[in-house]
Amino acid sequence: MEQLGLSEQEIIRREALQELINLGIDPYPAEEYPVNIHTSDIIEQFEDGVENEKLQNVCISGRIMSRRIMGNASFAELQDSKGKIQLYFKRDDICPGEDKTMYNVVFKKLLDIGDIIGVKGFVFRTQMGEISVHVKEFKVLCKSLRPLPIVKEKDGKVFDAFTDPEQRYRQRYVDLIVNPQVKDVFIKRTKIINTMREFFNERGYLEVETPILQSIPGGAAARPFITHHNALNIPLYLRIANELYLKRLIVGGFDGVYEFAKDFRNEGMDRTHNPEFTVLEIYVAYKDYLWMMNFTEEMIEKIALALHGTTKVQYGDNIIDYKRPFRRITMYDAIKEYTGYDIEGKSEDELRQICKDLDIETDPSMGKGKLIDAIFGEKCEHNFIQPTFIIDYPVEMSPLTKKHRSKYGLTERFELMVNGKELANAYSELNDPIDQRHRFEEQLRLSQRGDDEAMYIDHDFLRALEYGMPPNSGMGIGIDRLTMFMTNSQSIQDVLFFPQMKPEKKSEVFDEKVFIEMGIPEDWAKVLIKAGFNSVTQLKQTSVGKLHQILCGLNKKHKLGLKNPSVDEVDQWIKS
RNA sequence: GACUGAUUAGCUCAGCAGGUAGAGCACCUGCCUUUUAAGCAGGGGGUCCGGAGUUCGAGUCUCCGAUCAGUCACCA
């Protein structure tokens, strides 16, 4: 009965699976396969006319990606984790004796594109000049029951590429199999993280883990995901940031702590936002934001070099140069540069007027900080394509940042802009507990004014500050965005293995029980559903003769092997 | 959440001005012992996203819904 839901090709593959079993071949063997080399190594190491012992006896495994069968000889492409190589199968080499089953039946009939096999043989170059493995023996390692999308390629040109975004993201495993460039992005992503980790570890900073379930979602302003702890009977939030916990560790006496953290924000999704995302946050004691700027530059330059061997990286139409030093400009100068307005010392009302003049929408809940942020966001941010540090943010926008050492009303904060987007954010951290309390209270006032993004007050964090937190500087950088920039990916979905999607539409299963209860045998009930009957009324509206025809037809078509009912029987089913 | 567009075979896509649903690859049968987007000759395969409507007749027109994508809104 199971063939009812399957395509023709899937049925054929299941039949092949059964035939393999009938031949005594285990399509899913348990034992280790003694692979001794990767495809890419073979291609690198092969030299014409050079006797290479290792290549005389290779043992590789992977997935069959294409087959070209030509009578008693065949070619196939095998793909492993590192690449692809062509295989050459010759009937009389595979089957030296009388019995040609392994070639004629197993290889030619029962194997398919997508199957995973292991082969042993020697490396040679074909007349057409392609380095190939001449197969002496092969072994089925895993039978594939679903046909893969077929992607063909010639001279670097790809035909029938598997491009549908929905399928690529939902079935990333398929995407990874047939689109080799995809793998590359994720390898780079890991390389970015490893480069950063090394950079921090070299300096003696400690990688730590802090809570993801928090009772106060602090450290940033964003709507959280809420969950519930049954045993404690309290709400818990998935963290929107880990900043306040890392600072507690600085209070505790560590010189430098960092965490690659999954954060969660219950907000819109688009090309640059996913509800869960990864941020690196690092805090270093006794440093300030000027030090942190140099540190950040050095780190990013190093990443670019590690990935590309150069500081110049293509992103869309632009070439971004991550060579140190990056441009630095204050937020006020940036606003002056792009709007002509000098907002230094302006009151909230004056700022509101400027917004109006600049055609920027405001609402009454917006304080000075938000107004300035709106001007910057609307008029300036997108202009900073090359890496640029925007420094000295207004105090109202930065409730966790130390006041500027010399400029009144500002804080010691920078954001790194690249490609017109925020990439990193850093401060000289506020360690004055009394000031911190005032800032939180100010946030509370904003929230009472209707700003639903103002920060929550975390009293335990304030208590920690009261014990004394050494001066320090912290920096956060979005790993997903950094990966996008470093791999020329235009969508965050391309740098996440499994981007958030709406749940797959479950095919509406009309319960066959309803038919069974009418007295229809279970097998035939399933056939009826296959035939598209989803309700009793629908069934009763169909003439008995037609129904009988449909049922017998499907039975034959799908080779179900059921005994056809008589017209009278069918009549009784729908009469009841 | 709003607007626009997409949804047809396993995959990539055609399909008109309503009239029995098409191609290439994949699949099946046969031929072919160094091919390569292999080739040659045959063949099967579709709830045209779902539902309702208009019509003698809907993949095609109208409405409702689902999913995806893009833009915007939201998002320091």
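Every chain is numbered from 1 and lettered A, B, ... according to where its sequence line falls, protein lines coming before strand lines.
Nucleotide U47(B): unpaired (no Watson-Crick or G-U wobble partner with both distances less than 3.5 Å).
Put simply, Q490(A) has no side-chain N or O that comes within less than 4.0 Å of OP1 or OP2 on G70(B). Side-chain N/O atoms of K152(A) include one lying less than 4.0 angstrom from OP1 or OP2 on A38(B). Residue R170(A) places at least one side-chain N or O closer than 4.0 Å to OP1 or OP2 of C68(B). For C11(B), the OP1/OP2 oxygens have a side-chain nitrogen or oxygen of Q167(A) closer than 4.0 Å.
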For residues 128-135 of chain A, which side-chain donor-acceptor pairs fall under 3.5 Å, sequence neighbours excluded?
residue: S132(A); atom: OG; partner: Q86(A); partner atom: NE2; Å: 3.1
residue: S132(A); atom: OG; partner: E130(A); partner atom: O; Å: 2.9
residue: H134(A); atom: NE2; partner: D93(A); partner atom: OD2; Å: 2.5

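Residues L6(A) and R14(A) meet the side-chain proximity criterion, which asks for heavy atoms closer than 4.5 Å. Looking at M331(A) and D392(A), their side chains never come closer than 4.5 Å, going by heavy atoms from C-beta outward.
Interface remark: the Q9(A) side chain does form a donor-acceptor pair with the A26(B) base, using a distance-only criterion of under 3.5 Å.
Remark: the separation of the P atoms in A6(B) and C49(B) is 12 Å, to the nearest Å.
U36(B) atom P lies 18 Å from atom CD1 of I131(A), rounded to whole Å. Rounded to whole Å, the distance from CE on M128(A) to P on G39(B) is 13 Å. Atom pair R168(A):CZ and U12(B):P shows a separation of 11 Å (rounding to whole Å applied). Between the CD1 atom of I177(A) and the P atom of C11(B) there is a distance of 14 Å, given to the nearest Å. Distance, M269(A) CE to C68(B) P: 8 Å, rounded to whole Å. Taking atom CD of Q171(A) as the reference point, atom C1' of C68(B) lies 14 Å away to the nearest angstrom.
Between Y427(A) and Y289(A), the ring centre distance reaches or exceeds 6.0 Å. Here Y332(A) and F376(A) keep their ring centres 6.0 angstrom or further from each other. Taking the six-membered ring for Trp and the full ring otherwise, F277(A) and F264(A) have centroids separated by 6.0 Å or more.
Between C32(B), C75(B), U36(B), one nucleotide has an atom nearer to the side chain of M70(A) than all others, and that is C32(B). Side chain of E166(A), nearest nucleotide from U35(B), U12(B), U67(B): U67(B). Across U71(B), G45(B), G10(B), the shortest atom-to-atom separation from the side chain of E8(A) is found for G45(B). Of the candidates C68(B), U12(B), C11(B), C11(B) carries the atom nearest the P149(A) side chain, counting heavy atoms from C-beta on. For F162(A), the side-chain atoms get nearest to U12(B) when compared with the rest of U12(B), A76(B), U33(B). Picking from A76(B), A69(B), C11(B) the nucleotide with the shortest atom distance to the side chain of P399(A) gives A76(B). Nearest nucleotide to the R223(A) side chain, out of A38(B), C74(B), A76(B): C74(B). In this structure, of C28(B), A37(B), C75(B), it is A37(B) that holds the atom nearest to the side chain of F159(A). When distances run from any side-chain atom of Y169(A) to the nucleotides U34(B), U33(B), A69(B), the shortest one goes to A69(B). Listed nucleotides C25(B), G10(B), U34(B) differ in distance to D160(A); the shortest reach to its side chain belongs to C25(B).
Looking at R168(A), Q167(A), R170(A) one by one, the single match for side chain to side chain donor-acceptor pair (under 3.5 Å) with D175(A) turns out to be R168(A).
Among the heavy atoms of the strands, none lies under 4.0 Å from L148(A). When heavy atoms are screened at a 4.0 angstrom cut-off, K109(A) is found touching the sugar-phosphate backbone but no base atom. Contact annotation for D164(A): backbone-only contact, meaning every heavy-atom pair under 4.0 Å involves sugar-phosphate atoms and none involves a base. Counting non-hydrogen atoms under 4.0 angstrom, Q493(A) reaches the backbone sugars and phosphates but no base.
The stretch residues 328-336 of chain A has no heavy atom under 4.0 angstrom from RNA chain B at all.
For E422(A) and R91(A), each mapped to the nucleotide of RNA chain B holding its nearest heavy atom, the one lying further toward the 5' end belongs to R91(A).
Closest approach of N425(A) and R413(A) over heavy atoms only: OD1-NE, 3.1 Å.
Cation-pi geometry between R445(A) and F440(A) is not met: the NZ or CZ atom fails to fall both under 6.0 Å from the ring centre and inside 45° of the normal.
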